[in-house]
Structure formats: structure tokens, C-alpha cells
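Convention: sequence-line order gives letters A, B, ...; per-chain numbering from 1. Computed from a prediction, not measured in an experiment: that's the story for all the values here.
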Amino acid sequence: MESIDILKSQDHSSGRLLKDKLVLGAVIVLSLITISPIILIIWKLVVEGYRQISLDFLIENTPDTFEAMTAVANGELIPGGIANGIVGTLLMVILASALAIPIGILTGIYLYENQGSFMANITRDISDILQGVPSIVLGLISYLWIVKHITMGFSALAGSVSLAIMMLPMIVRSTEETLKMIPESLKEAALALGVPYHKVILRVLIPTGFSGLITGILLGISRILGETAPLMLTALGSSMINLDMTKPTSAIPLLIWEFYNDPNMVGLIWSSSLLLMAMILVLNLVSKQIVAKRR
Amino acid sequence: MTTNTIAEVKNPILSLNDLSIAYDKNYAVKNVSVEIKKNTVTAIMGPSGCGKSTLLRALNRMHELYENITTEGEALLNGKNIYEMPAIKLRRHMGMVFQRPNPFPTMSIYDNVIAGYKLNGIRTKKVERDEIVERSLRDVALWDEVKDSLFKKGTFLSGGQQQRLCIARALAFSPEVILMDEPTSALDPIATAKIEDLLVKLKEHYTIVLVTHNMSQAARISDYSLFMYLGELVEYGKTKNMFTNPIDPRTEEYLTGKFG
């Protein structure tokens with residue numbers, strides 16, 4: 001009697017093992033499907049783009065159509081590089097960060113300190129809505145505010161403002177969430193030492209949540225690094241390196257769009273995309289590293 | 001019904017006169033009048049929700065962090081009303097130790113001890129700082145354990161060591177009173193015993209007010225005890241007398257484990 005029971009249970013278990021294997025197989029296949037696009041993208045960018053990457057690519061301005069056409073006709077590499085785009089991207093990202101980081105962190109602190117208050121709830125909701133606003137709309141707004149009224153023309157400043165607005169809600173949220181994770185007991189410990197409230201925030205809460213704040217900022221930067229739509233309406237583009245905030249300026253994603261529209265420059269699309277991807281990947285890895293260290 | 005004033009105290013360091021504290025008009029502490037003697041350990045006992053933590057926090061005005069709080073009556077530290085002095089100054093005279101050890105995770109052991117000076121921006125010479133750190137860590141019997149790792153993070157220490165570090169942090173200002181809110185409730189028995197020994201030694205130089213859930217702890221280390229129930233002070237007296245011969249029937253019931 002007993003032996004039959006054992007046999008039966010073995011039967012059951014082999015069925016379960018089979019199911020287990022099937023599910024495991026499905027999980028592996030689906031995971032592969034998930035990661036395959038990113039692998040294929042990077043593969044394509046590397047294969048098509050690596051030949052154009054050189055020192056010139058980083059320090060030369062974009063070639064004109066004629067130079068590119070001649071090179072393509074002779075089967076040579078397209079001369080020149082995307083230095084104007086690299087400089088423009090750095091310039092606008094730095095200014096956008098300078099605008100968004102202080103405002104975002106202060107707003108985040110405000111939200112953390114006033115949990116449940118009417119103003120804080122409204123601010124949080126508006127910030128969340130802002131995160132969902134299409135980037136081209138932010139470009140339009142910046143066009144109306146800055147291009148039409150302040151710089152009287154397309155400008156790096158206008159581009160930075162639209163990027164800063166994009167970045168703002170991410171920093172607000174990450175600051176608030178980071179501060180919320182800090183135990184109340186630390187705040188109490190500092191207050192019980194007679195530390196004034198503003199110093200508790202500046203010298204205890206912010207240092208304790210520092211890595212969280214930095215992670216939020218890095219993710220925000222990597223988000224705006226590849227933004228194209230708002231820049232089309234604000235920074236416009238430029239074939240030269242430009243450091244004047246009130247003048248039209250290029251950016252890497254803008255150049256990719258320009259190369260796409262010029263049949264002679266198509267060869268540069270891949271290398272520019274590769275560079276942009278590499279920058280964003282590095283930022284993401286750095287922020288992952290910071291999060292890992294924090295634990 | 002109110003207070004049993006067996007403990008007649010001359011020159012009290014702390015005196016509470018008719019102190020009441022309410023959250024949203026619900027009284028958590030009702031008309032408490034107590035005089036606390038210098039260089040003693042005074043235990044506040046009572047069942048959960050009796051207002052003992054609120055009373056303790058009212059002594060360094062940490063209760064004001066909660067919203068909609070009202071405080072009536074007065075509390076005098078060496079004859080001065082604490083509700084009329086700046087809270088920030090008061091807290092430097094009233095060290096506080098919490099239930100769970102809470103060293104600052106970004107700071108080294110050394111910086112944790114000196115944190116009160118650092119965070120307040122009080123300038124001190126390096127020699128003075130070194131001296132304060134060593135004195136405070138010696139006071140809590142932690143110096144020998146950590147003197148070779150002063151610049152490691154305070155959070156690497158064990159729970160009991162962290163709690164002693166937090167006591168050292170409170171001692172660094174040489175406060176007059178140290179308020180402790182169940183300081184051993186998160187610790188194991190050995191760490192608890194160390195802290196208890198420490199408190200008995202510390203009362204030579206400081207006055208300690210201790211909230212505790214643990215009656216035997218109160219019996220072991222306190223000189224005076226307050227028994228609170230539903231926000232009222234039921235009984236106040238020498239710990240020995242209270243444990244051997246409680247006056248109020250509620251105290252007796254609590255001490256004999258009939259409720260609580």
C-alpha cells in the first residue's frame with residue numbers, strides 16, 4: 001500500500017519538475033527577448049559607428065555637405081566631427097542642471113517637511129503632471145518665454161530652460177523620496193543636541209541622503225542628454241562651436257537629426273549615436289554604483 | 001488623589017509645577033508636579049500610553065515637534081522656566097538618549113561624539129575637541145574599545161556600543177540633565193547591564209531622568225520613581241519605598257503585575 005503511495009507521489013513530483021522546467025525556460029526566453037533590443041542597438045551602433053570615431057570626431061566641427069559628399073563619393077571616411085554638438089550639449093546640460101538642481105532640491109525639502117499640507121500636495125501633484133508633459137510642449141513654452149522675449153532668437157539659454165523644466169520634477173521627487181527614507185530618529189538626535197532646524201537639514205539630512213540625491217541628479221541628466229524635440233524649437237543648432245548663451249547652439253541629438261536629413265552625412269549618425277549612448281550608459285552605471293555603495 | 005510627595009527635595013534641579021500637555025486637546029500629561037533631585041536617577045514608569053514619553057520630551061521641548069501641541073504649567077531648570085528660554089539653548093543643557101541607538105551614519109565615532117559642537121558650528125581647538133571626545137568616551141566606558149578606531153564609522157559598532165556612543169554624544173556638552181527614553185529596550189541583556197552600570201556611575205556628575213518599561217530596571221538603578229497612569233502622576237517617591245510599600249493601590253497593582 002505504502003509503496004504505491006510513494007510511486008504516486010513520485011509521479012506527481014516528476015510532473016511538477018517538468019512544469020518547473022517549462023516555466024524556467026519561459027522565463028529565460030522572455031528575459032532574452034527583453035534584453036535583445038538593447039544588445040542589438042549597441043551592436044548596430046558599434047558596428048556602423050566605430051570607424052568614424054577618432055580624435056577628429058571629438059574636436060572638429062561638422063563638415064559641410066560638399067565635403068561629406070566628396071568623401072562619400074571617393075569611398076573615404078567623412079571628415080570632421082561633432083565638437084559643436086558635444087560642446088553645445090555640455091553647455092546646455094550644465095546650465096540646465098544649474099537651474100534645476102537647486103530649485104529641485106529645495107522644493108523636495110519643502111515637500112518632505114510639509115507632508116500632508118495643502119500647498120505641498122498641490123506642488124507635488126503639479127510636479128508629477130510636469131513630468132508627464134511631452135518634451136516638445138516644454139520646448140514650445142521655452143520658445144515663447146525665452147526665444148520670443150528674452151534672447152530675441154534661438155539660443156542655448158532657451159534650450160537649457162526647456163531641459164531644466166524637464167529635469168525639475170525628477171529631482172524634486174528623488175529628493176523627497178530620499179529624505180523620506182532617512183529615519184526620523186536621526187533628525188531627533190540632531191535636534192536634541194540643540195541644532196537649529198535649518199542646520200539639521202543642511203548638515204544631517206542632506207549628507208545622509210547625499211548618494212540618493214546624486215543618483216537622482218545623474219538620472220535626470222542622463223534623461224535630458226538625449227532630448228531632441230525641445231531643442232529643435234529653442235537651441236535650433238549651429239555648425240560652429242558656440243559658447244554664447246544667447247546664440248543658437250548645436251547639441252548631439254540635434255546633429256543626429258540633421259545628419260539623418262542629409263543623405264551625404266548618414267555615416268555620422270551611427271558614431272554620434274554611439275557617443276551619446278556611451279555617455280548615458282556611463283551616467284547610468286555611475287548612479288547604479290552609487291546606489292550599490294549606499295547599501 | 002494627585003501626588004504623593006514623600007520625596008521632599010531641597011534645591012531641586014528640575015521642578016515641574018502643574019505641567020499639562022495636550023495633543024489636539026487630548027491631555028497626555030495632566031497636572032504633574034514633581035521636584036527632581038540633583039545627581040540622582042529618577043525613573044518614570046507606567047503602562048503604555050500613560051504619557052511618560054511625552055513628559056520626558058517636554059523636559060527638553062522635543063514634544064514641540066509634534067503638531068497642535070499645547071503646554072500648560074511650568075517647568076523650571078535651576079529655577080528658570082524652560083518654556084521661556086530658547087529651545088536650542090535648553091537642549092544643550094538637557095542631553096537626550098533615545099530608544100534605539102541613532103549615531104549619525106555619515107560620521108566617524110570621533111565626529112559623532114563631537115557632533116553637538118560641529119553641527120552647531122561651535123568653534124573649538126583640536127586639543128579641546130580631543131579632550132572632550134576622550135572624556136565623553138571614557139565616561140561611557142567605550143574609550144578602551146574604540147580608541148584605535150575613532151575614525152571608523154559609528155554605525156560599525158554593536159548595538160550596545162552604539163547606544164553608549166549616543167550617551168557619549170549627549171555627555172559631550174556636559175549637560176545638567178540627561179533624559180533617557182527607554183535606552184535599553186533595543187539591547188540584549190549584557191549590553192543592558194553595561195548601560196545600567198554606567199547610569200549608576202554617571203549620576204555622580206549628572207542628573208538622569210529615565211523612562212522605562214522595565215520595572216526591575218527601575219528597581220535596580222533608580223533612586224526615585226514616578227508612577228504615571230493615564231497622564232496623571234499617581235505616585236512619586238523613593239524607589240525603595242515605592243517598591244516595598246506603595247501608597248496608591250494602582251501603583252501596587254502595576255508593580256505586582258496585575259495590569260500594565
Side-chain angles (χ1 to χ4, degrees), chain A residues 105 108-124 174-217 287 289-295, chain B residues 53 56-57 59-67 82 85-107 111-122 136 153-155 162-163 165-173 175 177-181 186:
Chain A
I105 289 184
I109 292 173
Y110 171 77
L111 295 184
Y112 165 73
E113 285 303 327
N114 295 281
Q115 296 291 333
S117 90
F118 180 71
M119 263 305 282
N121 287 341
I122 293 273
T123 311
R124 190 179 300 110
S174 73
T175 306
E176 190 192 357
E177 293 304 320
T178 304
L179 292 179
K180 268 193 194 163
M181 279 173 38
I182 298 174
E184 190 75 3
S185 62
L186 278 186
K187 207 163 116 184
E188 289 190 333
L191 287 169
L193 290 169
V195 182
Y197 207 82
H198 67 278
K199 281 191 183 165
V200 175
I201 292 174
L202 286 177
R203 307 183 76 161
V204 177
L205 297 187
I206 291 193
T208 308
F210 190 69
S211 56
L213 298 186
I214 291 291
T215 309
I217 289 169
S287 63
Q289 206 60 41
I290 292 173
V291 172
K293 257 194 188 162
R294 191 169 158 214
R295 287 202 185 118
Chain B
S53 280
L56 189 79
R57 282 165 169 260
L59 298 180
N60 69 346
R61 294 177 62 180
M62 289 288 282
H63 72 304
E64 290 171 10
L65 296 178
Y66 303 123
E67 274 168 36
I82 64 170
M85 54 173 95
I88 287 166
K89 278 209 176 129
L90 169 72
R91 289 177 190 153
R92 293 176 197 169
H93 294 287
M94 301 273 232
M96 191 164 211
V97 177
F98 298 84
Q99 260 188 40
R100 294 186 165 274
N102 52 0
F104 297 117
T106 52
M107 295 186 194
D111 285 343
N112 259 295
V113 178
I114 207 81
Y117 293 82
K118 263 188 109 177
L119 295 175
N120 279 309
I122 300 170
S136 308
K153 290 261 153 59
T155 40
Q162 285 189 23
Q163 192 62 307
L165 176 62
C166 293
I167 299 175
R169 179 174 68 188
L171 294 182
F173 268 136
V177 181
I178 305 168
L179 308 171
M180 298 192 166
D181 192 353

Side chain from CB out, backbone as N, CA, C, O: work out which of these in B:Pro86 comes under 4.5 Å of a heavy atom of chain A, or both, or neither.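 Answer is neither: B:Pro86 stays 4.5 Å or more from chain A.
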Taking side chain as everything from C-beta outward and backbone as N, CA, C, O, which of these in B:Leu90 sits under 4.5 Å from a heavy atom of chain A? Side chain, backbone, both or neither. neither
Answer yes or no: is there a side-chain heavy-atom contact under 4.5 Å between [X] and [Y]?
X: B:Met180; Y: B:Ile167; result: yes
X: A:Val195; Y: A:Val204; result: no
X: B:Leu65; Y: A:Leu191; result: yes

Does the side chain to side chain contact (heavy atoms under 4.5 Å, CB included) test come out yes or no for A:Ile109 and A:Ile206, once each step is laid out? CA-CA 9 Å; A:Ile109 292 173; A:Ile206 291 193; 3.8 Å; yes
Donor-acceptor pairs between chain A and chain B under 3.5 Å, which ones?
| unit_1 | atom_1 | unit_2 | atom_2 | d |
| --- | --- | --- | --- | --- |
| A:Ser185 | O | B:Asn102 | ND2 | 3.0 |
| A:Glu188 | OE1 | B:Arg57 | NH2 | 3.1 |
| A:Glu188 | OE2 | B:Arg57 | NH1 | 3.1 |
| A:Glu188 | OE2 | B:Arg57 | NH2 | 3.1 |
| A:Leu193 | O | B:Asn120 | ND2 | 3.2 |
| A:Gly194 | O | B:Arg92 | NH2 | 3.2 |
| A:Lys199 | NZ | B:Asn120 | O | 3.1 |
| A:Arg203 | NH2 | B:Lys118 | O | 3.4 |

Contact summary for [X] and [Y], nearest pair of heavy atoms:
X: A:Gly216; Y: A:Ser174; value: CA-OG, 3.5 Å
X: B:Gly95; Y: B:Ala170; value: CA-CB, 4.1 Å
X: B:Phe104; Y: B:Ala115; value: CE1-CB, 3.6 Å

